[in-house]
Amino acid sequence: MQNLENDVTARDMESAPRLRVVDPSDAVTGIGVLFGIIGVVIGVGAAAYLTPQLSLILVAYCIVGALSGGSAGVVVGGLIGAVLAVVRGVVR
């Protein structure tokens with residue numbers, strides 16, 4: 001007996017509705033990068049605002065602020081991207 005579920009013809013493909021496929025990795029990467037950049041800006045801004053005087057320590061604070069803000073932004077952005085990708089669903 002022939003399995004008709006796996007027997008798909010070109011005409012069946014043409015009549016099937018077109019569905020957009022959302023790749024979760026794209027959503028996670030894109031939103032992670034966006035939130036990472038925002039985190040870097042916030043971290044550098046906070047370090048510059050909280051440092052009482054201009055000195056070499058300000059550069060160190062800005063680097064630490066950029067790294068911590070950027071990594072926190074990537075984590076939060078990845079989480080939000082994953083949630084959005086799962087909620088929208090991956091349809092193939």
Side-chain angles (χ1 to χ4, degrees):
M1 183 179 243
Q2 192 176 21
N3 189 356
L4 297 178
E5 289 180 12
N6 294 332
D7 191 20
V8 179
T9 63
R11 188 173 54 164
D12 293 333
M13 293 299 288
E14 289 174 0
S15 65
R18 302 262 178 195
L19 299 174
R20 188 170 72 178
V21 176
V22 178
D23 187 13
S25 63
D26 291 341
V28 170
T29 303
I31 295 177
V33 167
L34 177 70
F35 273 65
I37 292 171
I38 292 170
V40 166
V41 170
I42 291 172
V44 169
Y49 179 74
L50 294 175
T51 303
Q53 60 190 8
L54 294 177
S55 63
L56 287 179
I57 199 69
L58 175 64
V59 175
Y61 286 162
C62 286
I63 290 172
V64 169
L67 292 175
S68 62
S71 64
V74 168
V75 169
V76 171
L79 172 73
I80 292 172
V83 167
L84 290 176
V86 169
V87 168
R88 292 185 75 186
V90 179
V91 181
R92 294 181 192 241

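Below, each value reflects all heavy atoms present in this structure, side chains not excepted, and no hydrogens, waters or symmetry copies.
Legend: residues meeting side-chain contact (heavy atoms from CB on, under 4.5 Å) with Ser68, ordered by chain and number and at least two apart, are absent.
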Pairs of donor and acceptor atoms involving the side chains of residues 72-84, under 3.5 Å and at least two apart or interchain, shall be tabulated with distances.
none

Listed pairs under 3.5 Å, donor-acceptor, residues 38-57 side chains, sequence neighbours left out:
unit_1 : atom_1 : unit_2 : atom_2 : d
Thr51  : OG1    : Ala47  : O      : 2.6
Ser55  : OG     : Ile57  : N      : 3.4

